[in-house]
There are 2 protein chains.
Amino acid sequence: MQPHAIDRPSIVACIEHSGVFRKLAGESRERLLTEAFVAYADRGEVIWFAGSESRFSATLASGYVKLVRTAAQGTAVTVDIAGPGHTIGLLAVVEGHSYPLTAIAVSPTWYLKVPAGLMRDLYNSDGLLRDEVLHTMAPRLRRAHDMMARLTLGKVEQRLASVVLLLADSFGVRHETGTTVAVPLTRSDLAEMAGTTVETTIRVLSRWSKQGWVEMRRRHLTVLQPEALLDRNESD
Amino acid sequence: MQPHAIDRPSIVACIEHSGVFRKLAGESRERLLTEAFVAYADRGEVIWFAGSESRFSATLASGYVKLVRTAAQGTAVTVDIAGPGHTIGLLAVVEGHSYPLTAIAVSPTWYLKVPAGLMRDLYNSDGLLRDEVLHTMAPRLRRAHDMMARLTLGKVEQRLASVVLLLADSFGVRHETGTTVAVPLTRSDLAEMAGTTVETTIRVLSRWSKQGWVEMRRRHLTVLQPEALLDRNESD
DNA sequence: ATCCAGATATGACCACCGTCATAACCAGGC
DNA sequence: GCCTGGTTATGACGGTGGTCATATCTGGAT
């Protein structure tokens with residue numbers, strides 16, 4: 001059907017690639033296998049809206065999801081990105097709150113849908129899972145603080161450099177010439193993350209492109225000289 | 001000695017006011033009482049530096065602490081503020097990492113110093129404590145995402161309004177005329193949080209003051225008309 | 001094939017705000 | 001008392017980057 005869509009993964013495959021569920025065994029694993037199910041979201045599709053009741057968590061098997069905060073006027077800010085192996089909506093489900101952020105697929109995405117009730121049971125009964133949950137939260141909090149710092153301080157070009165480097169670091173595929181960001185993000189997405197406009201983002205990126213620091217194709221970004229981008233942060 | 005310093009609290013008092021330790025009982029509580037100890041930090045004193053090995057967590061009894069990220073050039077950004085009852089350094093200690101942020105007291109502060117070894121023992125043995133840790137992390141992550149969004153989007157005045165409202169919300173003391181922020185923050189501190197300069201912060205605040213929206217004394221800020229500040233976010 | 005929406009690209013204008021300079025003010029130390 | 005360092009305050013100037021306008025390019029749908 002969808003030319004770019006990867007084949008539907010099995011539940012076992014979802015579990016095996018997941019940071020949170022991988023080590024799970026015994027009855028917990030059994031329940032996951034029977035009560036959780038695989039779902040699909042197309043590019044641009046909303047998996048859940050901020051403010052809605054949390055009914056399930058999503059463990060990504062393939063594809064990428066952006067977590068967006070929408071302000072009153074409609075302006076949106078992407079505060080985090082999740083990729084294969086990551087689980088989103090975990091805190092909301094465990095704590096019984098509504099989702100704080102809107103989750104939108106940025107590429108065709110297969111994921112494991114774990115109902116809230118099941119997730120809460122597993123969390124309460126399985127000590128191992130609790131540890132794993134904490135271990136996934138810690139880096140996210142650190143990343144959030146990190147980005148906060150980078151976003152507040154400095155000029156737009158530095159902020160964009162930070163965003164691009166973070167993306168290359170978190171979701172980069174390395175090859176001889178450089179590192180390609182695996183997430184198919186538009187300039188508009190990047191702008192949302194760096195807190196600037198599409199126009200400025202385009203301007204900065206094409207400047208970098210002319211310098212030979214990055215290479216761009218539609219929705220694809222390759223970092224050729226990360227040092228050059230790093231320099232953009234230090235200077236000034 | 002210090003005229004502004006509040007009297008040294010007892011260990012029991014620290015535990016009772018703490019979100020994390022309050023419910024602790026039995027052996028866990030015993031160990032806390034014998035192995036943890038009360039410490040003091042003066043205004044401006046560094047409790048720990050980012051990057052240093054995490055040797056203890058700090059549970060605040062009185063006073064306020066800012067958590068700061070320092071960039072390469074020396075510019076600092078305040079990413080979070082902790083008040084009485086809050087525990088900081090928890091994740092670093094439990095996960096065995098070094099502190100990700102620098103902790104600086106913004107007012108005379110009494111706190112409970114819990115050694116890393118003890119904290120890890122308690123965390124591993126006491127299921128209740130694990131839950132509490134997660135419950136303290138969740139709002140912090142949400143707050144971080146919230147601030148990220150507010151900081152990226154919009155003009156400086158809006159960002160400052162967000163910061164001030166958040167402070168009034170988290171640490172405000174309400175009385176007839178308005179809400180006073182209990183944390184003794186300088187304009188420079190506010191600037192660090194909003195990602196702007198001291199000068200701009202002063203200009204904006206004195207504009208608000210002339211409008212009668214806020215009232216200022218040295219290191220003290222009272223919000224008189226929160227709606228007016230909220231409007232600053234919506235408009236434009 | 002054609003059409004269309006979304007993505008990419010570039011230019012002109014000017015408001016906002018960061019930088020620098022200068023000064024008054026306040027608290028604490030001696 | 002005086003002096004010192006931190007905080008608050010205000011003005012002038014210039015550049016960054018947001019806004020608007022316009023145009024081309026690409027991929028997917030029919």
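Scope of the values below: all heavy atoms of this structure, side chains included, with no hydrogens, waters or symmetry mates. Throughout, a chain's letter reflects where its sequence line sits, starting with A, and its residues are numbered from 1.
At least one side-chain heavy atom of B:Lys113 sits less than 4.5 Å from a side-chain heavy atom of B:Tyr111.
For B:Arg207 and D:dT10, a side-chain-to-base donor-acceptor distance below 3.5 Å is absent, hydrogens and geometry of angles not being considered. Below the 3.5 angstrom threshold, one finds a donor paired with an acceptor across the side chain of B:Glu199 and the base of C:dC20. At a cut-off of 3.5 angstrom, counting only N and O atoms as typed in the model, there is no donor on one side facing an acceptor on the other between the side-chain of A:Arg219 and the base of C:dG6.
Close to D:dG18, at under 4.0 Å from its OP1 or OP2, lies a side-chain N or O of A:Thr196. Of the side-chain N and O atoms in A:Arg217, none sit less than 4.0 angstrom from OP1 or OP2 of D:dC25. In this structure, A:Arg218 does not reach the C:dA9 phosphate: none of its side-chain N or O atoms is under 4.0 Å from OP1 or OP2. Listed pair A:Thr200 / D:dG17 fails the phosphate criterion, with no side-chain N or O lying under 4.0 Å from OP1 or OP2. Taking side-chain N and O atoms only, A:Thr186 has no distance below 4.0 Å to OP1 or OP2 of C:dA7. Residue B:Arg187 has a polar side-chain atom (N or O) positioned under 4.0 Å from OP1 or OP2 of D:dA9. Taking 4.0 angstrom as the limit, A:Ser188 places none of its side-chain polar atoms (N or O) nearer than this to OP1 or OP2 of C:dG6.
Over its full length, the helix from C:dA1-D:dT30 to C:dC30-D:dG1 turns its helical axis through 40°, comparing axes from the five pairs at each end and rounding to 10°.
Judged by distance alone, the side chain of B:Trp48 and the main-chain N or O of B:Leu101 form a donor-acceptor pair under 3.5 Å.
The salt bridge (Lys or Arg N to Asp or Glu O under 4.0 Å) test applied to B:Arg219 returns no partner, not counting sequence neighbours. Applying the salt bridge (Lys or Arg N to Asp or Glu O under 4.0 Å) rule to B:Glu16 yields the partners B:Arg29; only residues at least two apart in sequence or on another chain are considered.
Between the CG atom of B:Leu151 and the CG atom of A:Leu151 there is a distance of 7.5 Å, given to the nearest 0.5 Å. Annotation: the span from B:Arg203 atom CZ to B:Glu199 atom CD amounts to 6.5 Å, rounded to 0.5 Å.
In plain terms, the two heavy atoms of B:Val38 and B:Arg8 that are nearest each other are O-NH2, 3.2 Å.
Proximity note for B:Arg203 (side chain, C-beta onward) versus D:dG18, C:dA9, D:dA12: the nearest is D:dA12.
Between B:Met216 atom CE and C:dC25 atom P there is a gap of 15 Å when expressed in whole angstrom units.
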